[in-house]
Amino acid sequence: MRASQFLIATLKESPSDAVVKSHQLMLRAGMIRKLASGLYTWLPLGLRTLRKVEAIIREEMDEAGALEVLMPIVQPSELWEESGRWFEYGGELMRIKDRHNRDFCMGPTAEEVITDLARNELSSYKQLPKNFYQIQTKFRDETRPRFGIMRSREFLMKDAYSFHANADSLNDTYQRMHKAYNKIFTRLGLDFRPVNADSGSIGGALSHEFHVLASSGEDDIAFSDTSDYAANVEMAEAIAPNFERPAATDTLTCVDTPDQNSIEDVSQFLGVNSNQILKTILVEGELSEKEQKDGVTAPLVALVLRGDHELNELKAEKIDGIAAPLVLASEERIIKLLGCKPGFVGPKDLPIDVLVDRSAAVVANFVCGSNEDDKHLTGANWQRDITFLHVEDLRNVVEGDASPDGEGRLNIKRGIEVGHIFQIGDKYSKALKATVLDENGKAKVMHMGCYGIGVSRVVAAAIEQNFDDRGIIWPKALAPFQISIVQIDANKSEEVIERSEALYQALKDLNVEVFLDDRDKKTSPGVKFADAELMGFPHRVVMSSRGLKNGIVEYKGREDEKGDAVELPCDDILSFVKNKLDL
RNA sequence: CGGAACAUAGCGCAGCCUGGUAGCGCAUCUGCUUUGGGAGCAGAGGGUCGGGGGUUCGAAUCCCUCUGUUCCGACCA
């Protein structure tokens, strides 16, 4: 490609509404332009990268035995009513009407359509398993689109759906997809983790999210430093400490702590580390449907955690006897029950159920609330001073916790979800009556698996992991062009033109994606260098009259430092570059 | 959906408080000069100051309203 014929849409300054690096750089490099909130046009440069992601995904899906299809973006409401999601899905489902006033939606996903296809086309167990995929635009009317292409309303997604005669077959394909995803993200050059996304409880359908590690991610991922365990922070189990509670040595004392009603306050006021302070959080208990109808007031339940730990609401909700969704007790109820403000609640002699976090249960000689305003207890000890019955996992894991699989310690990093695979079982096939005949000629509902990759999001995620102050540094697999040839002094040196054109042609003949910066003399060398670096081409060759006079051309890799360019005899450049490109 | 902010040339911004000629940098166009890190000089074009309404002799500026955009949170995965 010649720069003179391409659309170079680079920006010196980044638009003020872009806050994350990938968004800024995609705008600055001229990859995308915003049309409206959450809607973007892909410019020629950006589209080249998007197509590369697609191509890699397509190759690996084909390799893994999946069959490509292409389903409509616009889907009839009938199918969604059949699955029940026309009513369940909520505002994210963009509903539209045609000229006959019939209801349709812009597909946010395609379970309904593919299941409809499967029930019509598949009739025998002998045809199974089958795995269909498509790479198609999806539309989700996000409440808050943000970060450019990272969370947009219209986006490109690879979605695959597999159909099976039994759970074993589903499991096989699931494992196969898991492997294919690992291969895809490895080929894309990304630092990623497959994250266990199942509930951990019995009966939870198997599911993994694939996260690219990047500080701008929206999810916290906990992963072991020695094993391949990884989970969402909310999902990761905080295992019980492997030591016994130290002996009680201090005397239980009630001390004045006027107005010290947060852990931080108390910690400073008493000079005690927050991990020696226990906090007590009161939440509402669970009611049966009948009790709710009868207007019964829910009992309160006390949750006790170490001061430096955070309550995990998901874990709390799952415990029998605790309301889901979690409801914190109001200040009035606490005052009514205990006669003190929330900041001074403690576990001693509570008239309600007390659940103690695993880590809090092994603290000795701790500080806690006294259930009396402006007073705390110090030197408190379990069983000697305060009894409890239940120990539960109530907290979020923190960096350095033991990995739940027993190997290594947990690291916590932000992740961008780029892929998600899950076994959905018969939810859609049952609702849509997608059956095949089994060996006995009996209709059986098919089992289903579902596998997604955010294709456009992958592009943004790749940039989040690969940039410097000069711009994007593309992994080779994603670079829109592999190499740029920069002409300098072309207007006064025939040799610059001849040499650069010759190299350009030679590389093109080798099917190398080469970018020749042949912009005229109004474009200064600095501009050409800056653009090539911003757009992130992995390799750069500079041809100038100055260098050619001495028979020299210059090569520099995008990852190299500014001063690291190497000078080469100009006759050697082709073989040098071929070597760099692994040709 | 709750909270907050912003909207002035293609992009980045000033002007608004204290009402009175719409400005700066980059980009664009023309001419000359220049060519190894976002060139110089000279000139030019480009704005119903987001829309509507109000106050006023007079509104980018003050008030009301609508729309759009962004940020934080909730939701989603």
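Just so we're on the same page: letters track the sequence lines, and every chain starts at 1.
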K.L.:
Would you measure the distance from the C1' atom in B/U61 across to the matching atom in B/A7 and give it in whole Å?
P.N.:
14 Å
K.L.:
With P as the reference atom in both, quote the distance from B/A27 to B/G12 in angstrom, rounded to an integer.
P.N.:
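That atom pair is separated by 15 Å.
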K.L.:
Which nucleotide wins on minimum distance to the side chain of A/Lys556, given the candidates B/G36, B/C13, B/G37?
P.N.:
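Taking heavy atoms from C-beta onward, the closest nucleotide is B/G37.
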K.L.:
How far does the C1' atom of B/U8 sit from the matching atom of B/A44, given to the nearest Å?
P.N.:
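Result for the C1' pair: 22 Å, nearest Å.
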K.L.:
Go through B/G36, B/U35, B/C32 for me and flag the one nearest to the A/Asp489 side chain.
P.N.:
B/U35
K.L.:
Can you figure out which of B/A74, B/G36, B/U70 approaches the side chain of A/Arg144 most closely?
P.N.:
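Per side-chain heavy atoms of A/Arg144, the pick is B/A74.
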K.L.:
Heavy atoms only, 4.0 Å cut-off, all strands: where does A/Gln487 land among base, sugar-phosphate and nothing?
P.N.:
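The answer is nothing, as A/Gln487 stays clear of every strand by at least 4.0 Å.
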K.L.:
Could you check A/Arg28 against A/Thr143 and say which one's nearest nucleotide on RNA chain B is further toward the 5' end?
P.N.:
A/Arg28
K.L.:
If you check the A/Ser524 side chain, which of B/U69, B/G38, B/G36 turns out closest?
P.N.:
B/G38
K.L.:
Take atom P in B/U48 and the same atom in B/G37, then report the distance between them in whole Å.
P.N.:
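About 39 Å, rounded to a whole number of Å.
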K.L.:
Would you measure the distance from the P atom in B/G46 across to the matching atom in B/C29 and give it in whole Å?
P.N.:
16 Å
K.L.:
Mapping A/Arg146 and A/Ile488 onto RNA chain B by nearest heavy atom, which one lands closer to the 5' end?
P.N.:
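Going by which nucleotide is closer to the 5' end, it is A/Ile488.
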K.L.:
Taking the side chain as C-beta and beyond, is there a heavy-atom pair between A/Arg33 and A/Leu27 under 4.5 Å?
P.N.:
yes
K.L.:
Please determine, for the side chain of A/His420, which listed nucleotide (B/A77, B/C71, B/G37) has the closest atom?
P.N.:
B/A77
K.L.:
Should A/Met150 and A/Glu464 count as side-chain neighbours, where that means a heavy-atom distance under 4.5 Å?
P.N.:
yes
K.L.:
Which side-chain N or O atoms in residues 9-17 of chain A pair as donor and acceptor under 3.5 Å with protein atoms at least two apart or in another chain?
P.N.:
{"unit_1": "A/Thr10", "atom_1": "OG1", "unit_2": "A/Asp531", "atom_2": "OD1", "d": "2.9"}
{"unit_1": "A/Asp17", "atom_1": "OD2", "unit_2": "A/Lys34", "atom_2": "NZ", "d": "3.4"}

K.L.:
Below 4.5 Å, heavy atoms only, C-beta onward: do A/Ile149 and A/Met31 meet side chain to side chain?
P.N.:
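Of all side-chain heavy-atom pairs linking A/Met31 with A/Ile149, none is under 4.5 Å.
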K.L.:
Which one is paired to B/A7, where only Watson-Crick or G-U wobble pairs with both distances under 3.5 angstrom count?
P.N.:
B/U67
K.L.:
Would you mind classifying the nucleic acid contact of A/Ser14 as base, sugar-phosphate or nothing, using non-hydrogen atoms under 4.0 angstrom?
P.N.:
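The residue A/Ser14 makes sugar-phosphate contact but no base contact.
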K.L.:
Hey, are A/Asp220 and A/Arg414 close enough for a salt bridge, meaning a charged N less than 4.0 Å from a carboxylate O?
P.N.:
yes
K.L.:
Looking at A/Glu218 and A/Arg151, does any basic side-chain N land under 4.0 Å from a carboxylate oxygen?
P.N.:
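Salt bridge present between A/Glu218 and A/Arg151.
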K.L.:
Taking a pair as Watson-Crick or G-U wobble with both distances under 3.5 Å, which nucleotide is matched to B/C24?
P.N.:
B/G12
K.L.:
When the distance from CZ of A/Arg470 to P of B/G37 is rounded to whole Å, what number comes out?
P.N.:
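Rounding to the nearest Å, CZ of A/Arg470 and P of B/G37 are 14 Å apart.
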K.L.:
Assess whether one donor atom and one acceptor atom, taken from the side chain of A/Glu533 and the base of B/G38, lie less than 3.5 Å apart.
P.N.:
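Answer no: no donor N or O sits under 3.5 Å from an acceptor.
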K.L.:
Quick one: which of B/A39, B/U69, B/G36 gets closest to the side chain of A/Asp17?
P.N.:
B/U69
K.L.:
Which whole-number value in Å describes the distance from A/Arg85 CZ to B/C76 P?
P.N.:
15 Å
K.L.:
Rounded to the Å, how far apart are A/Asp517 CG and B/G37 P?
P.N.:
15 Å
K.L.:
Whom does B/G36 pair with, Watson-Crick or G-U wobble, provided both distances fall under 3.5 Å?
P.N.:
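Paired with B/G36, as far as the under-3.5 Å criterion goes, is no nucleotide at all.
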K.L.:
Hey, is the side chain of A/Thr523 poking within less than 4.0 Å of OP1 or OP2 on B/U35, counting only N and O atoms?
P.N.:
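No, no such contact exists.
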K.L.:
With a 4.0 Å cut-off on heavy atoms, is A/Glu209 in touch with a base, just the backbone sugar-phosphate, or nothing at all?
P.N.:
sugar-phosphate
K.L.:
For a quick test of reading the model: is some side-chain N or O of A/Lys522 closer than 4.0 Å to OP1 or OP2 of B/U34?
P.N.:
no
K.L.:
Does a side-chain N-to-carboxylate-O contact under 4.0 Å join A/Glu554 and A/Arg540?
P.N.:
yes
K.L.:
Pick base, sugar-phosphate or nothing for A/Lys528, based on heavy-atom distances below 4.0 Å to the nucleic acid.
P.N.:
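Nothing, no heavy atom under 4.0 Å.
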K.L.:
Is the NZ or CZ atom of A/Arg48 positioned over A/Phe481's six-membered ring, under 6.0 angstrom from the centre and within 45° of the axis?
P.N.:
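Pair A/Arg48/A/Phe481 counts as cation-pi.
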K.L.:
Do A/Lys522 and A/Asp520 pass the salt bridge (charged side-chain N to carboxylate O under 4.0 Å, His left out) test, and can you show the C-alpha distance, the side-chain angles, and the key distance before you say yes or no?
P.N.:
CA-CA 5 Å; A/Lys522 294 226 109 174; A/Asp520 65 21; over 6 Å; no
K.L.:
A/Phe147 CZ to B/U70 C1': how many Å, rounded?
P.N.:
11 Å
K.L.:
Please determine whether any donor N or O and acceptor N or O are separated by less than 3.5 Å between the side chain of A/Lys492 and the base of B/U35.
P.N.:
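A donor-acceptor contact between them is absent.
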K.L.:
B/G36, B/G12, B/U34: which one has an atom nearest the side-chain heavy atoms of A/Arg546?
P.N.:
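Closest of the options to the side chain of A/Arg546: B/G36.
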K.L.:
Between B/G51 and B/G68, how far is it from one P atom to the other, in whole Å?
P.N.:
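Approximately 15 Å lies between the P atom of B/G51 and that of B/G68.
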K.L.:
Separation of A/Ile552 atom CD1 from B/G36 atom P, in whole Å?
P.N.:
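One finds 17 Å between P of B/G36 and CD1 of A/Ile552, rounded.
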K.L.:
For a quick check of understanding: with a heavy-atom distance under 4.0 Å over all strands, which category does A/Arg151 fall into, base, sugar-phosphate or nothing?
P.N.:
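It contacts base atoms.
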K.L.:
If I take atom CG in residue A/Leu43 and atom C1' in nucleotide B/G10, what distance separates them, rounded to the nearest angstrom?
P.N.:
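For the pair A/Leu43 CG and B/G10 C1', the rounded distance is 14 Å.
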K.L.:
Take atom CG of A/Asn491 and atom P of B/U33, then tell me their distance rounded to the nearest Å.
P.N.:
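Distance check: A/Asn491 CG to B/U33 P gives 12 Å.
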K.L.:
Could you tell me whether A/Ser544 contacts a base, only the sugar-phosphate backbone, or nothing, with contacts defined as non-hydrogen atoms closer than 4.0 Å?
P.N.:
base
K.L.:
Taking atom P in both B/C49 and B/C62, what distance in whole Å separates the two?
P.N.:
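To the nearest whole Å, 15 Å.
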K.L.:
What is the separation between atom CZ on A/Arg153 and atom C1' on B/G68, rounded to the nearest whole Å?
P.N.:
12 Å
K.L.:
Under the 3.5 Å rule, do the base of B/G37 and the side chain of A/Arg540 count as making a donor-acceptor pair?
P.N.:
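In this structure, the two groups form a donor-acceptor pair.
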K.L.:
Among the nucleotides B/C71, B/U35, B/U69, which one has an atom lying closest to any side-chain atom of A/Val19?
P.N.:
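Nearest to the side-chain atoms of A/Val19, counting from C-beta on, is B/C71.
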K.L.:
Side chains of A/Leu282 and A/Arg333: does their closest heavy-atom pair fall under 4.5 Å?
P.N.:
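With C-beta onward as the side chain, the pair stays apart.
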K.L.:
Is there a Watson-Crick or G-U wobble partner for B/U30 with both distances under 3.5 Å, and if so, which one is it?
P.N.:
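Base partner found: B/A42.
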K.L.:
Can you tell me, in whole Å, how much space there is between the C1' of B/U56 and that of B/C11?
P.N.:
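Their C1' atoms lie roughly 36 Å apart.
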K.L.:
Atom pairs, N/O to N/O, protein against nucleotides 23-28 of chain B, distance under 3.5 Å?
P.N.:
{"unit_1": "B/G25", "atom_1": "N2", "unit_2": "A/Glu13", "atom_2": "OE1", "d": "3.1"}

K.L.:
Give the ring-plane orientation class for A/His539 versus A/Tyr555, where under 30° counts as parallel, over 60° as perpendicular and anything between as tilted.
P.N.:
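Aromatic pair A/His539/A/Tyr555 classed tilted.
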K.L.:
Could you work out which one of B/U34, B/G38, B/C76 sits closest to the side chain of A/Asp531?
P.N.:
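Among B/U34, B/G38, B/C76, the one nearest the side chain of A/Asp531 is B/G38.
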K.L.:
Could you please name the option among B/A77, B/U35, B/U69 that lies closest to any side-chain atom of A/Lys521?
P.N.:
B/U35
